[in-house]
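Sequence lines set the chain letters: A, B, ... in the order given, protein chains first and strands last, and positions in each chain run from 1.
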Number of protein chains: 2
Amino acid sequence: MPATTPETVQRFVEAWGAMGSLWGINRSVARVHALLMATEEALALEEIAERLQISKGNASMSLRELRTFGVVRQVEVPGDRRDFYVTEPDVWLMFFRILKERKRREFDPALEAIHALVDAPGATGAVRGRLEQMADLLTTIEGVVNRFLQDPQSSRSALAFIAGMPFGRKQNGKG
Amino acid sequence: MPATTPETVQRFVEAWGAMGSLWGINRSVARVHALLMATEEALALEEIAERLQISKGNASMSLRELRTFGVVRQVEVPGDRRDFYVTEPDVWLMFFRILKERKRREFDPALEAIHALVDAPGATGAVRGRLEQMADLLTTIEGVVNRFLQDPQSSRSALAFIAGMPFGRKQNGKG
DNA sequence: GCGAACGTTCTAAATATTCTGAACGCACGA
DNA sequence: TCGTGCGTTCAGAATATTTAGAACGTTCGC
């Protein structure tokens, strides 16, 4: 039995699954991850599939993707032939891994194309200005992300600092 | 005639269109936006559709979405009944608007759900710790984004600072 | 070696998203 | 008032993504 109430877990699983699209992972994968996050003990593939009402095949593929991201780990349970899964304890790690992968697949090619474009002759006037500004923005973002990926600890502090600066800090409307 | 070569524009349009999925806008919308970004003068709907090889209907809907985001503006051309479109000059603005919209639609509900979950009794031990850590991460991100949305100028500087910090700054592999 | 338990892979079905193109309404000039 | 040019909307076609479930290979206990 999980340390949290099934109802609570359920709610979290759905919320996380819904947010998955924000960072580009599919609903099943996000839900499997959420379930493991919210569960104290290791879970077997079949139990995951049952609890989430998804097929074993889907669960298997989702777990593989999560392992690829390095956010889920297989553990052995003595005397049990089945594979059990747990989430890695560091939530930040998960976030970084996924971020890194998306950056590599989607962001980097675009940044490169834009750089090439700005470098190439042809763009002039206002257009050139806009393009340069955009390349500049993307480069800054790339820098922050790289920094984040290489030194999560200090970058996290830096971000927390920005987040907490007095100016413009808006309290969340909830509650 | 555009100030840039058609070839150059074309290349940019495709790169931008491909990256669209990263921030969750569809390919057509991103391509229309890119075309306007890369074009000096205002364009009529039909020309946009022709140049991008998409239907007028699609172009119309894409332009509407871009206007909703506030990144594209309609302009009048005296003596011409058609609507012409130009991009807003501030690239950052565009970025913020889209960011804001996605945050509102996808992030905020999830953050709220997780907060509610951590507040609720039920989560204990390691699970509770993980959940708190996650809520903490999301709250930090929310803070940075809010800050960004409210004061682009200073936030941009702060990010540029983080990006440029000597540690771990990796040169782009291109070239 | 045989059969059962288990995980993985793959095909095809289900679903979601995006796009086209026809229908429509509006505004304008004749 | 009619006809033309224009933009928008929407139903359904095209496409992409996600999922189920059957088929298969492996391991282990007997």
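In this structure, the side-chain hydrogen bond (donor to acceptor under 3.5 Å, both in side chains) partners of B:S62, at least two apart in sequence or on a different chain, are B:N58.
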Sugar-phosphate or base contact per nucleotide [nucleotides 16-30 of chain C; S, B, -; heavy atom under 4.0 Å]: --SSBB-----B---

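Aromatic rings from B:W23 and B:W16 are positioned such that their centres are separated by under 6.0 Å.
Counting heavy atoms from C-beta on, the side chains of A:M134 and B:F12 come closer than 4.5 Å. Within the 4.5 Å cutoff, no side-chain heavy atoms of B:V13 are placed close to those of B:R51. The closest side-chain heavy-atom distance from A:V77 to A:R82 is not below 4.5 Å. Proximity of A:I141 to A:F107: side-chain heavy atoms (C-beta onward) are separated by under 4.5 Å at one or more points.
When only modelled atom types and interatomic distance are considered, B:T87 and B:R73 share no side-chain donor-acceptor pair under 3.5 Å.
Once you apply a 4.0 Å limit to the heavy atoms of chain B, the touched nucleotides of DNA chain D run 5' to 3' over D:dG5 to D:dC10.
Among the atoms of the strands shown, only primed sugar atoms or phosphate atoms (P, OP1, OP2) are found under 4.0 Å from some heavy atom of A:R67.
One finds a salt bridge joining B:R156 and A:D136 here, because a Lys/Arg side-chain nitrogen approaches an Asp/Glu carboxylate oxygen to under 4.0 Å.
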